[in-house]
*Asks:* 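Handing you a structure now.
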Amino acid sequence: MSMDGAEVLSRTVTQDEAAILEAWLASLREGASLQSGRIREAELQTQAKTVFGQLREALEGGLDADGGSFAPLRETLGEISRSRAIQGFTPTDTANFIFALKEPIFESLRRTAGSDASDLAAGIVAVGKMLDRLGLHTMEVFLASREEVIGRQGQEIAELSTPVVRLWDGILALPLIGTLDSARTGVVMENLLQAIVDEEAEIAIIDITGVPTVDTLVAQHLLKTVAAARLMGADCIVSGIRPQIAQTMVHLGVELNVVSKATLADAFAVALKQTGRKVVRQQAAPTVERR
Amino acid sequence: MTISKTETLPVRSGDDVVRVRQRVRALAIEIGLGLVDQTKIVTAASELARNTLDYGKGGDVRAEIVQAGLRKGLRLTFEDQGPGIADIDQAMTDRFTTGGGMGLGLGGAKRLSSEFHIESTPGTGTRVTIARWK
Ligand SMILES: Nc1ncnc2c1ncn2[C@@H]1O[C@H](COP(=O)(O)OP(=O)(O)OP(=O)(O)O)[C@@H](O)[C@H]1O
Ligand SMILES: [Mg+2]
């Protein structure tokens, strides 16, 4: 009597476990992941053994890779994918982990199915479908994790890139980097105003060298910040308006109506002057001796 | 005139607006626009994308690389199914805003582009097309 795909597969992975595992690991070892040193041999072995054990148990509940008996296996594969996304594996490498299991199982089916051709065919179709499904699951988790990583990096940049720097007594600088819309602007403005209060600052230099686009929204945010700073008793200087940005602002029709300087250094010089200071050289510049 | 590349991007969130700018920048570089022209079309795109989002209740933008004879250009079409604009002349007027903005987006986008076209039907939606030629 011939058996259905699930039974054939179940029998094969139970009877031939050692051989399949060995062939699978051999194929994984050839993969780029181990070669590049992103993962250690021992770790790979543990992962393979765990997955294989869970696969064997899952098969007792049928072939449906989306079904309940496969839940622990999907969970483990998800975790492996997630960690690979974070470690910077390629999608190919990640998907290959599960796809590399196909060949060894096919081989084993051929060895164990004996003379019954319909058993062999049923087993091969079953394993193909099931591993494809698991491979897709692996990719879905991988992609979702990558997006998460990217999203988090974006947020970290947003939080990191709003420092207020004290240049001198009463002189602050706010170097802006990145896009200014979204939630960032509120944080930026609050940080600056708080620093103006804390430092009793007279002058705040807002440097926009690192802002890629100045549109009406960014301009409006800048104007509001300048106005609020003024209410706190500090004058603003905007620096780092690159030539192409200056030209674009003219076409847009926005005027900042604040002192602006090409570079942060120029703005700092103005700030020192406005606060009654002057930088002087104590000694003549050292002359370079020429031979 | 031939179209050698078309892609459509959603404009449904603030992050989408950032992505639109990045994509427009990449396409502008692809057709060989200089730094000033890149900045102009990216800024115009930023204005129109934000209008699509804020007033049009979201929509999308179609970006096309077009060629007329030896000239290459980048054409962007912003489309939404929002409330539309009853008086286009008024909306185009500098400093006119219904959303507490500077009221410079539409006029600015027109001045920053080589071509500008706006169609809007109240209750149906708005479509703005701009192009920048190399
Ligand atoms: N896609 C749209 N759908 C409906 N109304 C729109 C749309 N785009 C613009 N408008 C209307 O036109 C007005 C002017 O738009 P414009 O972009 O020039 O200024 P703004 O968006 O109000 O301010 P700014 O762009 O300077 O920040 C808007 O306030 C809005 O009433
Ligand atoms: Mg606008």
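Chain A is the first sequence line, chain B the second, and so forth, proteins listed ahead of strands; every chain is numbered from 1. Only heavy atoms go into these numbers, but all of them, side chains included; no hydrogens, no water, no symmetry mates.
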*Asks:* Does the side chain of A/F70 reach to within under 4.5 Å of the side chain of A/R133, using non-hydrogen atoms?
*Replies:*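 SC-SC contact between A/F70 and A/R133 ruled out.
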*Asks:* With the threshold set at 4.0 Å, does a side-chain nitrogen-carboxylate oxygen contact exist between A/E148 and A/R146?
*Replies:*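 Salt bridge: no.
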*Asks:* Examine A/R84 relative to A/F97 and say whether NZ or CZ is less than 6.0 Å from the centre of the six-membered ring and inside a 45° cone about the ring axis.
*Replies:*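 Ring-cation test returns yes.
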*Asks:* If we only count heavy atoms from C-beta on, is the B/E47 to B/L106 side-chain gap below 4.5 Å?
*Replies:*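 Sidechains of B/L106 and B/E47: no contact.
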*Asks:* Would you mind checking which part of A/T216 comes under 4.5 Å of any heavy atom in chain B, side chain (CB onward), backbone (N, CA, C, O), both or neither?
*Replies:*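 Both parts, backbone and side chain.
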*Asks:* Could you tell me which portion of A/Q247 (side chain, backbone, both or neither) has an atom closer than 4.5 angstrom to a non-hydrogen atom of chain B?
*Replies:*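 Side chain only.
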*Asks:* Heavy-atom pairs under 4.5 Å with chain B are the metric here; pick the option from A/V214, A/T248, A/V254, A/I245 that has the most.
*Replies:*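 If we count pairs closer than 4.5 Å to chain B, A/T248 comes out on top.
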